[in-house]
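Down below is the structure, laid out as structure tokens.
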Amino acid sequence: MFIEIIMDGRKSRIESSPGANLAEALVAARFAEGTECNRGLCGKCAVRLLSGSVETIDDGRPSKCPEGYILACRSLLGDSDISIELKSAKDDINRKVRLPNLCKGKSHADNPVRKIHMELAAPSLQDQASDIERVLAKLDGVKTARTSVLRHLPSVLRNADFKVTAVVIGDELCAVEPGDTTGENYGFIVDIGTTTVAIYLVNLNTGEPIDAEGLANPQRSFGADVLSRISACTDDEKLDKLQALVVNGISGTIKSLLAKNGIDFKNVYSLVAVGNTAMSHLFMGVEPANLSMAPFIPCYRPRMETRGKNLGLPVNPEARVEILANISGYVGSDTLGVAMATRPWEKPGCTLAVDIGTNGEILLGKGRDLYVCSVAAGPAFEGAHIGQGMRAGKGAIEKVRIENGKISLGVIGNCPPAGICGSGLIDAIAELLRVGIITFTGRFALADAPGARSPLASRLRTGNDGVREFVLAWRGEFGNDQDIVISQKDIRELQLAKSAIAAGIAILYKEAGITAQDVDRLCLAGAFGNYLDRENAVALGIFPGIPVEKIIPVGNAAAEGAGLCLVSLAELVLSDEVAAGVKPVELSARSDFTDLWINCMNFPTP
């Protein structure tokens, strides 16, 4: 049977099987990126059924579905074709893959990948050196060669009239190429996020990024969060599937970047990957089960190295693939990348670095002392667990302003709003707090409160589920096809997330023996940090005691740090030393974390 899909005014047609789950079919065909709950509770997989019929899974649980829609995750396909209208729900990936600072002011003279052109003397009866000895004699400090070099070396040398280019990775000869190929020297940075995978093509000779692309992490079909994916690895088959999903996704993007830039995969000799500890384990095909239970012990922490051929990546088979060191079960190599990019040990005073993604990683540097922790903050900031939350893609409200009782919205793609992403949620709640619609406790104003006498109070109502809500956009007000609301539950979700970050920061202050006044700068890492309104973040108390002027957006610092390790051997070695010296703080073992978390729940009062 066939599914006709109408999305963004375009028609597509995919084939599926009777009895298949509609949501799974849409994910497999890449028309969707996974469901948030997969239980029919969140309503975010709703699609409009235009023709045909489906069988609804009825397990007795309540579901949340807009009028005129069906929930894809609770729909089974029948024998007949169907037609559906699907809202675009994909991330605006381009917002997440910018690397403005890679290698600025940094030397790349100690590139781990060297290409040396050489003209060799042909062998003779008087010169009986073997082919490999002849090549190695021209390479200072290189004494060994990978066995794969030997296979075609005789013909390569003779067909090229002994004018060849040696490829040296570290201190090992990895390839011999005919002619002068020194100008063709490339590598990749791969930042494996729980939600988004960002991939950067880099010229290893200059250290400059050439191009970048991203993709939604294909593992999202197994759940939006890390724990769901760990739980899915019940046997080797499932573990292999989760590894294959992310490796195949990365491979497809690498192929796209190489084709777009006219580069042969054989000229890609190095790849450095970072990610949280669970994502790193799944990328390597290592069982992650122990990361989900106390005492949260990873299989490995030190930097791991393998070759491109071992993972089936479309790079030179002998390319060196480095997975930077993890720090603990909950703090991975992506946080190490943030440390390498922000370099607190080189700055005077104290540096905070906060990377808000699906999880929130916090780094505090005081001289050479580094402390890190991880908090469960990202779901709300990524749009998950928010009634009409969505990722930062087309149709997402990313900015909200209230002036003179009127609401204005900034929407990604300049189109009618379909939901709200993390930066828009922070704006909306900060604005409603400012005008008195929300109190400092996070509750909507009561009828006799000053804020309730505002013209905006007419937008307050009780929703169908009995929860109070504020209508941010009436149906049709901004071209939207349904009311878009901020509910009391949404506010509470944001409070839970922001208080987790604030409490995590407070714990690190205790560990370092400092206060907020001692912090000289806060580096706000991640794509989310680039679009976050810093004044509104301060107004909500996400970073208590840190004034706006000390908050510095630094972009994808995890990838920046990985990039330094890609182009510099000294940086790669330094990353090992930094990882070994960081002190991870396990918040679940801290009896004071819960009290701090509760104390940070309210919004600041003027």
Side-chain angles (χ1 to χ4, degrees), residues 66-67 87-88 92 95 380-381 383 386-465 467-495 497-498 528 530-542 548 602-606:
E67 185 179 351
K87 292 181 180 179
S88 177
D92 184 351
R95 295 159 58 94
F381 296 130
I386 304 300
Q388 287 175 285
M390 60 184 290
R391 295 182 280 270
K394 183 178 179 182
I397 298 169
E398 64 169 340
K399 292 186 182 299
V400 178
R401 293 293 178 267
I402 298 176
E403 294 182 6
N404 301 320
K406 294 185 178 180
I407 296 174
S408 61
L409 305 177
V411 181
I412 298 174
N414 295 317
C415 60
I420 190 165
C421 65
S423 61
L425 181 68
I426 287 174
D427 277 5
I429 294 177
E431 290 287 272
L432 293 175
L433 181 67
R434 181 177 60 81
V435 299
I437 293 293
I438 295 174
T439 70
F440 78 98
T441 65
R443 293 188 175 276
F444 286 118
L446 298 176
D448 58 349
R453 294 194 291 271
S454 160
L456 294 167
S458 62
R459 293 175 177 264
L460 281 169
R461 70 185 187 189
T462 299
N464 294 332
D465 53 3
V467 176
R468 291 190 82 197
E469 59 190 26
F470 178 87
V471 182
L472 195 62
W474 295 107
R475 180 179 180 179
E477 184 177 4
F478 297 95
N480 42 303
D481 60 4
Q482 61 179 322
D483 293 347
I484 297 176
V485 304
I486 302 293
S487 73
Q488 187 68 69
K489 178 181 177 296
D490 296 337
I491 298 169
R492 184 62 66 192
E493 287 288 344
L494 183 129
Q495 286 181 286
K498 77 97 180 177
F528 180 70
N530 283 336
Y531 299 94
L532 175 67
D533 185 299
R534 292 174 292 165
E535 291 187 359
N536 285 338
V538 169
L540 297 183
I542 299 176
V548 172
N602 286 344
F603 298 122
T605 54

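In terms of modelled atom types and a separation under 3.5 Å, the side chain of Asn404 and the main chain of Lys406 share no donor-acceptor contact.
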Quick one: do Ile484 and Leu409 satisfy side chain to side chain contact (heavy atoms under 4.5 Å, CB included)? Show the steps, please.
CA-CA 12 Å; Ile484 297 176; Leu409 305 177; over 6 Å; no

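Put simply, SG on Cys421 and NZ on Lys399 are 9.5 Å apart, with the number rounded to the nearest 0.5 Å. With values rounded to the nearest 0.5 angstrom, Glu398 atom CD is found 11.0 Å from Met390 atom CE. Here the NZ atom belonging to Lys498 is positioned 8.0 Å from the CD1 atom belonging to Ile542, to the nearest 0.5 angstrom. To the nearest 0.5 Å, atom CD1 of residue Ile407 and atom CZ of residue Arg459 are 4.0 Å apart.
Under the 4.5 Å side-chain criterion, counting only non-hydrogen atoms from C-beta, Leu472 is not in contact with Phe478. Using a 4.5 Å heavy-atom cutoff, the side chains of Ile438 and Phe603 are in contact. Counting only heavy atoms from C-beta outward, the side chains of Ile426 and Leu540 approach each other to under 4.5 Å. With contacts defined as side-chain heavy-atom distances shorter than 4.5 Å, the pair Leu432/Ile491 does not qualify. Side-chain atoms of Ile386 and Ile486, non-hydrogen and from C-beta on, never get closer than 4.5 Å to each other. Counting heavy atoms from C-beta on, the side chains of Lys394 and Cys415 come closer than 4.5 Å. Using a 4.5 Å heavy-atom threshold, the side chains of Ile437 and Ile402 count as separate.
Residue Asp481 comes nearest to Arg475 through the heavy atom pair O-NE, 3.2 Å, listed as atom of the first residue, atom of the second, then distance. Taking each heavy atom of Ala445 and Gly436 in turn, the nearest pair found is CB-O, 3.4 Å. Closest non-hydrogen pair, Asn536 versus Asp533, comes out as N-OD1, 3.0 Å. Nearest heavy atom pair, residue Ala428 against residue Ile420, reads CB-CD1, 4.3 Å. Pairing each heavy atom of Ile412 with each of Gly393, the nearest pair is CB-O, 3.4 Å. Here the closest heavy-atom approach between residue Gln495 and residue Thr441 is recorded as NE2-O, 3.1 Å.
Looking at residues two or more places apart in sequence or on another chain, you find a side chain to side chain contact (heavy atoms under 4.5 Å, CB included) between Arg461 and Glu469, Val471, Trp474, Asp483, Val485.
Sorted by first then second residue, the salt bridge (charged side-chain N to carboxylate O under 4.0 Å, His left out) pairs that include residues 416-430, not counting sequence neighbours, are Arg401-Asp427.
Salt bridge annotation for Glu535-Arg434: absent, with no cationic side-chain nitrogen under 4.0 angstrom from a carboxylate oxygen.
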